[in-house]
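In listed order, ligands and their atoms are each counted from 1. All values derive from a computational prediction rather than experimental measurement.
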Amino acid sequence: MRSEAGDPAASPADPLGGRRILVAISGSIAAVKLPLVVSALAKRGALVRCVLTPSAERLVSPVALASLSRQPVLLEEDQWSHGAPRPLHIELAEWAELILLAPLSATSLGRWVHGLGDTLLASVLLASEAPVLAAAAMNTSMWGAPSVSANWQALQGFEGVLPLGPQAGLLACDRQGEGRMAESEALLLALESLAVWGWRRDWHGRRLLVSAGPTREHLDPARCLTNPSTGRMGVLLAQAARLRGAQVDLVHGPLAVEPAWLDGLACHPVTAAAQMQERLIQLQPGADAIAMAAAVADHRPAQPRAEKRDKTALAEAMAQGWQEVPDLLTDLVARRPPGQRLLGFAAQSGDVLPQARAKLRRKGCDLLFANPIDRPGAGFGSAFNQGWLLGPGEREEAIEAAPKLVVAHRLLSALGALLTP
Ligand code: CTP
């Protein structure tokens with residue numbers, strides 16, 4: 001049985017820091033992207049070793065990988081010149097806490113699914129119980145071949161494996177279509193999620209609707225009312241849910257973070273609260289749950305203009321007044337179909353809990369995550385978050401300071417537990 005990678009609550013500051021990660025590279029041209037991924041992992045304090053198939057050796061420099069990982073690279077010939085008492089594939093399989101298998105070629109996929117251990121990399125995969133993030137990459141026609149599709153399908157059922165399908169785009173063979181390996185940012189995110197949560201897809205078969213980021217209310221094309229939300233918390237929540245198997249719709253205002261592409265995560269960009277509301281209402285009926293992480297601007301100008309005003313006219317327009325933006329969350333709660341669960345957010349300064357309790361009652365959502373924004377290292381723009389999760393009955397759970405991905409997984413577990421089986 002493959003092991004679970006960790007309890008989110010016990011994760012260190014960077015979930016990849018100090019982890020023993022085996023980067024297994026097989027023969028697809030996407031292998032050339034791996035040195036930078038290895039470098040990023042090493043900079044984050046992970047202990048990285050690389051193992052290559054014979055064809056990967058021809059595509060990417062073992063010298064580069066060795067110097068970026070600060071470790072000798074394991075090549076096919078090492079299997080036979082190792083000279084150590086224990087077989088190299090067993091030593092590596094037991095050393096690894098996490099395996100990043102990227103790119104996963106058609107051949108290595110076939111070997112793995114059919115239990116063949118005829119390369120060092122293939123035998124490590126068979127011998128290891130560590131969770132594996134497997135990112136496929138190959139030519140479009142190869143990806144579409146019935147045998148490859150069947151192997152990929154079989155991999156979905158493997159315990160301990162988080163499969164990351166390829167995306168569409170221009171391939172190195174000049175074909176346009178599916179086959180590009182997921183971007184490096186997506187690999188790092190999925191690996192972090194594997195370290196924090198593990199590989200189980202407990203949201204499989206569920207649909208989650210997430211809102212994220214600020215909204216913008218324009219006075220004219222040059223000025224707007226907005227807030228410092230970067231959208232990071234909502235984006236991570238959407239991505240974590242996707243990695244746990246949910247189909248996800250992410251309705252977002254202008255973001256300061258680029259959501260890494262994941263198959264099954266649909267982005268719906270909007271600007272103003274009215275557009276966000278319209279989109280959310282459209283998508284609400286199909287959702288099992290909604291997470292309303294957007295920082296919706298509270299007011300909008302009574303008289304927005306399509307052309308730019310001068311300073312004096314602007315001062316007059318600002319004095320003329322503002323309308324309150326309707327509460328999107330309260331409206332969604334009122335419209336919800338039976339069984340749908342809603343998670344609200346509350347960014348607070350001062351005494352968080354009494355304000356959060358009142359907000360939960362006022363909004364009528366099932367769960368409310370309230371976080372302080374006046375403490376260092378949490379809130380807007382920070383990589384970390386902390387707060388309290390308030391919910392049904394007297395539930396008040398303190399969530400200690402942790403990377404936002406860890407918080408996202410905690411919130412998803414709480415929300416998922418409220419869904420009907
Ligand atoms: N929210 C919303 N529509 C609004 C304002 C907020 O749906 N017009 C949602 C947010 O997405 C969040 C929750 O309500 O999930 C709480 O947002 P917050 O800004 O803390 O609440 P407000 O009702 O605006 O209260 P405050 O007066 O504290 O700003």
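- Here's the thing with Phe345: one of its N/O atoms is less than 3.5 angstrom from an N/O atom of ligand 1.
- Remark: the Trp143 side chain and the Glu178 side chain contain an N/O donor-acceptor pair separated by less than 3.5 Å.
- Looking at Ala294 next to ligand 1, an N or O pair under 3.5 Å apart turns up.
- Looking at ligand 1, you won't find any N or O of Ser211 less than 3.5 Å from one of its N or O atoms.
- Scanning the protein for heavy atoms near atom 7 (O) of ligand 1, the closest one is Leu329 N, 2.7 Å.
- No heavy atom of Ala273 sits closer than 4.0 Å to any atom of ligand 1.
- Within 4.0 Å of atom 19 (O) of ligand 1, not a single protein heavy atom is present.
- At a 4.0 Å cut-off, at least one heavy atom of Arg362 sits close enough to ligand 1 to count as contact.
- Applying the 6.0 Å contact sphere to CD of Glu258 captures no more than 12 heavy atoms from other residues, nucleotides or ligands.
- Looking at Asp220 and Lys308, no side-chain N of the basic residue comes within less than 4.0 Å of a carboxylate O on the acidic one, giving no salt bridge.
- Checked by distance only, ligand 1 and Pro326 come closer than 3.5 Å through their nitrogen or oxygen atoms.
- Every N/O-N/O distance between Ala293 and ligand 1 stays at or above 3.5 Å.
- Counting heavy atoms closer than 4.0 Å to ligand 1, residue Thr330 contributes nothing at all.
- At a 3.5 angstrom cut-off on N or O pairs, Met292 counts as close to ligand 1.
- Residues Gln239 and Arg242 bring no donor and acceptor atom of their side chains to less than 3.5 Å of each other.
- At least one N or O atom of Lys363, backbone or side chain, sits closer than 3.5 Å to an N or O atom of ligand 1.
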